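First the structure, in the form of structure tokens, and then the observations on it.
Values reported hereafter were calculated over all heavy atoms of this structure, with side chains retained and with hydrogens, waters and symmetry mates removed. Given the structure is predicted, the values throughout are model-derived calculations rather than measurements.
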Amino acid sequence: MVQDRRIAVVTGGSRGIGRNTVLSLARRGVDSVFTYKSAFAEADAVAKDVEEIGRRAVPLQLDLGETAGFDNFVLQFREAIGGLGASRFDYLVNNAGISHHNRLDSTTEAELDRIYRVNFKGVFFLTQKLLPLLKDGGRIVNVSSGLARIIIPGSGPYGAFKGALEVLTRYQAKELGDRGIAVNSVAPGAIETDFSGGMVRDNPELNAQVANMTALGRPGVPDDIGPMIASLLSDENRWINAQRIEVSGGMAI
């Protein structure tokens, strides 16, 4: 009997951890619909990389901070998975987010609102909109951050909303349990990507600081995270639920 096509939704899939997750899923035989905010050329390149693996990936534009556009996105998403031969999907990876670096006494209301809209409100309502299309027995991964545990001055607002996302994860796991849907959060440590302007990747001093506070002696790279998320979504890990899993190489222990 031919196995049903498996489809994942990955937000922020055009670069960094999201891109690596899309590719890692493709290597496991999973097709993806992934979002990008504005860089279509990067998104198109990811889709072509997936084709070379022998799977399919469809990029869709989405601004996670603008919930007014979510209904239209869902319409486009229905068309996209229809083009993949499906009417529902299996996995949701809430990866897209924005960074913020400012101390608590200097963060403005506008800054705080922006982090909330993208890193929490957008995740909350996009998940809500997609739940009717997620198969019973599906999986959700919310991408958090090591900064929800590791306290570094200047990261408070960002870390606080990632902490809220981890609490939301446990509530989602409880409320969606009757549908057999497992929900977990993955908290990467400092990763060498262009996130936060590439500060971990491109700043030698910061890179060395991260390496010194990490048990395995280096910052992470996207290939440390994407395969782990892909594995967590698989049936091999079907009994992991409502957990915060830090993937940081042993940072700040």
Problem set entry | Test side-chain hydrogen bond (donor to acceptor under 3.5 Å, both in side chains) applied to Asn94 and Thr127, step by step | CA-CA 8 Å; Asn94 286 308; Thr127 302; 3.1 Å; yes

Within a reach of under 6.0 Å around [atom1] of [X], are more than 12 heavy atoms found that belong to other residues, nucleotides or ligands?
X	atom1	answer
Arg114	CZ	no
Arg15	CZ	no
Arg103	CZ	no
Lys135	NZ	yes

Exercise. In terms of ring plane angle, is the pair Tyr116 and Phe161 parallel, tilted or perpendicular, where the classes change at 30° and 60°?
Worked result: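 Rings of Tyr116 and Phe161: tilted, as their planes differ by 30° to 60°.
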
Problem set entry | Arg6/Asp235 salt bridge by N-O under 4.0 Å criterion |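 Judged by the 4.0 Å cut-off on N to carboxylate O distance, Asp235 and Arg6 do not form a salt bridge.
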
For this session: May I ask you to decide whether Asp44 forms a salt bridge with Lys48, counting only side-chain N to carboxylate O separations under 4.0 Å?
Result: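 Result for this pair is yes, salt bridge flagged.
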
Exercise. Between Phe70 and Lys129, what is the shortest heavy-atom contact and its length?
Worked result: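 Closest approach of Phe70 to Lys129, heavy atoms only: CB-CG, 4.2 Å.
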
Exercise. Of the non-hydrogen atoms in Thr214 and Gly249, which two are nearest, and what is the gap between them?
Worked result: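 Closest approach of Thr214 to Gly249, heavy atoms only: CG2-O, 3.4 Å.
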
Measuring from [X]:[atom1] to [Y]:[atom2], what's the distance to the nearest 0.5 Å?
X	Y	atom1	atom2	answer
Thr21	Met228	OG1	CE	10.0 Å
Ile17	Asp223	CD1	CG	11.5 Å
Phe89	Leu130	CZ	CG	4.5 Å
Arg88	Ile7	CZ	CD1	12.0 Å
Thr169	Gln243	OG1	CD	10.5 Å

Sidechain-backbone polar pair: [X] side chain, [Y] backbone, donor-acceptor under 3.5 Å:
X	Y	answer
Asn237	Ser234	no
Arg56	Leu84	no
Asn95	Val10	no
Asn184	Ile245	no
Arg149	Glu246	no
Asn102	Gly154	no
Thr11	Ala96	yes

Is the shortest side-chain heavy-atom distance between [X] and [Y] below 4.5 Å?
X	Y	value
Asp90	Val30	no
Pro222	Arg19	no
Val46	Tyr36	no

For this session: May I have the step-by-step check of side-chain contact (heavy atoms from CB on, under 4.5 Å) for Glu192 and Asn207, ending in yes or no?
Result: CA-CA 8 Å; Glu192 293 181 348; Asn207 193 285; 2.7 Å; yes

Exercise. Going hydrophobic residue to hydrophobic residue with side-chain gaps under 4.5 angstrom, can you get from Val141 over to Val167?
Worked result: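 Cluster IDs for Val141 and Val167 differ.
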
Problem set entry | Residue that, paired with Val143, satisfies side chain to side chain contact (heavy atoms under 4.5 Å, CB included) out of Leu165, Val93, Asn119, Ile225 |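 Of Leu165, Val93, Asn119, Ile225, side chain to side chain contact (heavy atoms under 4.5 Å, CB included) with Val143 is met by Val93 alone.
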
